Structure formats: structure tokens, C-alpha cells
Colleague: 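Before anything else, here's the structure in question.
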Amino acid sequence: MPLRRSLILAAPALGMACTAPDAELPAGPAAAPRPVTALTPGGLRVHAIQTGWVRVKRRHRSYAGPDALRLPAILLDRAWTEWLPILCYAIEHPEGLFLLDTGETAAAMDPAHFACTRGDAVFYGRNLRFQVRPEEEAAAQLRALGLDPGAVRTVVMTHLHSDHAGGMGGFPRAEFLVSRADAGGHLGTLTCRLPAASRLRPVEHDGPPDGAFAASHPITRDRRLRLVPTPGHSPAHQSLLIVEGDRRWLLAGDAAFDQGQVARGEMAGIVADPGSARGTLEVLRREIEEQGTVLLPAHDAEAPSRLRRAMA
Ligand SMILES: [Zn+2]
């Protein structure tokens with residue numbers, strides 16, 4: 001049974017059968033840290049922007065059991081992770097201001113935000129907790145950096161989960177680049193919260209192999225910004241590679257929760273396609289080992305300081 005269909009069928013029943021798992025959750029975390037800005041040797045200014053915090057079930061982050069039990073294991077887990085950052089990235093490039101993901105919106109503090117479908121409401125309601133203040137939204141933080149959200153014309157979407165797509169509304173003139181197979185939505189996409197379909201631009205990874213990646217797709221004329229396929233977390237999850245000579249940085253979304261997970265070869269729990277996710281984990285390991293690429297995932301608390309160190 002496809003994962004989406006099994007979730008829709010299973011989630012309401014599981015939601016009704018279990019008691020609320022929130023008792024162990026402490027008060028929300030402090031305000032998100034200020035953005036971290038680093039300069040590449042070639043003069044690109046890269047900002048790591050934290051749009052609040054998210055907690056997930058431990059088996060959502062890491063799961064080693066049978067694939068067939070993956071989703072029920074997450075739904076029934078009562079143990080939460082610590083609060084994790086929700087990171088997106090802005091890149092000041094001579095060809096424009098680019099964004100990688102849009103982070104979460106403060107509207108996520110209202111459970112009604114997730115009620116696009118019954119399955120969405122149950123999954124987000126049971127399995128994720130958010131802490132996002134209005135001033136932590138990506139557009140607000142860009143303004144605080146002196147950058148105009150209206151100037152953003154291209155946003156690379158690694159995938160369409162709420163904590164990556166929630167801030168899309170803050171970029172009224174942008175076009176959102178989504179892998180073709182994910183563009184219609186995938187498990188965990190809040191389709192009722194997406195902008196008009198005309199602003200989603202499906203892209204193919206139709207360029208040559210690049211490092212450990214099977215394909216690539218440059219999005220700037222100077223080819224310093226390239227999309228690469230990192231499927232598994234969503235069916236066609238993509239990442240953004242920044243390349244200058246032999247220096248490489250990978251803005252990796254949810255291809256892995258953190259760098260330690262790649263080093264350990266540890267599978268995340270919430271994957272749409274376990275076979276692809278295993279392949280991506282191996283590709284990331286090779287890319288880091290062979291190319292010295294700096295990995296910058298969306299929920300890795302060390303990513304901003306890694307960005308700053310790598311570009312120092
Ligand atoms: Zn995700």
C-alpha cells in the first residue's frame with residue numbers, strides 16, 4: 001500500500017487509540033539565534049536563518065526497524081527529541097537574491113493551520129511541535145538583515161514539508177523550484193497552504209553527474225549554484241550545491257537530520273522511499289569524504305557554526 005494511503009487510513013485510528021503524548025514536553029525554547037552570515041572566497045554572502053524550532057518523535061529522526069513498520073513506529077512513539085532548529089538559507093549572488101527553503105510560519109502555532117486533510121491534522125498534531133515567533137519568519141529576518149523579501153525571485157525548495165514551505169507566503173514575487181516528482185505534493189505536504197501552482201516551477205535534474213551526485217542542474221549562469229538529487233526523505237528531495245573551484249557546500253534540507261547521522265550511516269525514520277534514502281545516505285557520505293563538501297542540513301544545530309568556520 002502506498003505510504004500516503006496507509007497513513008490516511010491508519011492515522012485517525014491511531015490518533016483515537018492513544019492518549020495525548022504531550023505531558024513530558026517542557027516549556028518552549030528561547031528565541032531563535034540571530035542569523036549567521038559567512039562570505040565565500042568568491043564573494044557570495046550566505047546567511048543561515050533559523051525560523052524557530054521543531055520537535056519530532058525520536059523514531060521520526062532515527063529508525064532502524066523494518067520498513068513496513070516505519071510509519072506506525074513513528075505514530076506510536078511517545079519520546080520526543082530535543083528542540084531542533086528550522087534552518088533556511090539566503091544567498092546574495094550577483095544574479096540575484098536566492099533562498100533555499102522558506103522555513104516555518106508563526107501560523108504553525110495554531111493547530112488549525114495543519115487541518116488541510118484529516119491525515120495532515122493527525123500526523124502534524126501527534127508528531128511535531130513548533131515554536132515560531134512572527135519575527136523569526138524568514139521574510140522578517142531578511143528585512144532585519146537589510147534585504148528585501150520582494151527582491152527574492154528564486155527559491156529552491158528541497159521538498160514541501162510545512163517546516164520548509166511554511167514561509168512561502170512571505171515571498172510574493174518569487175518562483176519556487178521543486179523537483180518535478182515532488183511538485184504535486186507528497187506525504188506531509190499541506191497542499192491547502194501552498195501558493196498558486198503557477199508559482200511552483202517543476203525542475204528536472206538533467207545535467208551531468210557532479211561529485212558523488214548522479215545528476216545536477218545549474219540555476220545560475222556562472223554555475224556556482226546547482227541543484228542535485230537527494231531523494232528518499234520525499235520522493236524527489238533535492239539539495240543546493242554551492243561550488244567555487246574545489247570548495248563545495250551542500251544546503252541539504254532534510255536529506256539527513258545532521259552530519260552525525262551521515263557519518264554513522266544512520267537512517268532517518270520519516271522517509272517516503274527507504275531504498276532511495278539509503279542510497280542518498282551513501283552518496284552524502286562519499287560526497288563529504290571525496291570532495292570535502294560542507295554539509296548544511298535544515299535541522300542540524302551545528303550547521304550555522306560549520307558554515308561560519310568553513311568560510312572563515
Ligand atoms: Zn521534511
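Quick caveat: nothing in here was measured; it's all calculated off a predicted structure. Atoms within a ligand are numbered from 1 in the order they appear, just like the ligands themselves.
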Colleague: Checking one value in my table: which N/O/S atom of D254 lies closest to the Zn ion (ligand 1)?
Modeller: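 Nearest N/O/S atom of D254: OD2.
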
Colleague: Kindly say whether A151 contributes a backbone atom to a donor-acceptor pair with the side chain of R173 at under 3.5 angstrom?
Modeller: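 Looks like no, no N/O pair under 3.5 Å.
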
Colleague: Say whether H186 and H159, considering side chains only, have a donor N or O and an acceptor N or O under 3.5 Å apart.
Modeller: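 Result is no, nothing qualifies.
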
Colleague: Between T51 and G103, is there a donor-acceptor pair closer than 3.5 Å when you use the side chain of the first and the backbone of the second?
Modeller: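 Not at all, since once roles are kept as given, no pair shorter than 3.5 Å links the two residues.
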
Colleague: Using a strict cut-off of less than 4.0 Å between a Lys/Arg side-chain nitrogen and an Asp/Glu carboxylate oxygen, indicate whether R223 and D210 qualify as a salt bridge.
Modeller: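 Result for this pair is no, no salt bridge flagged.
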
Colleague: With the Zn ion (ligand 1) as the point of reference, which N/O/S atom of H159 is the closest?
Modeller: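 Nearest N/O/S atom: NE2.
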
Colleague: What's the NE2-the Zn ion (ligand 1)-ND1 angle here (H233, H161), rounded to 10 degrees?
Modeller: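 That angle works out to 90° after rounding to 10°.
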
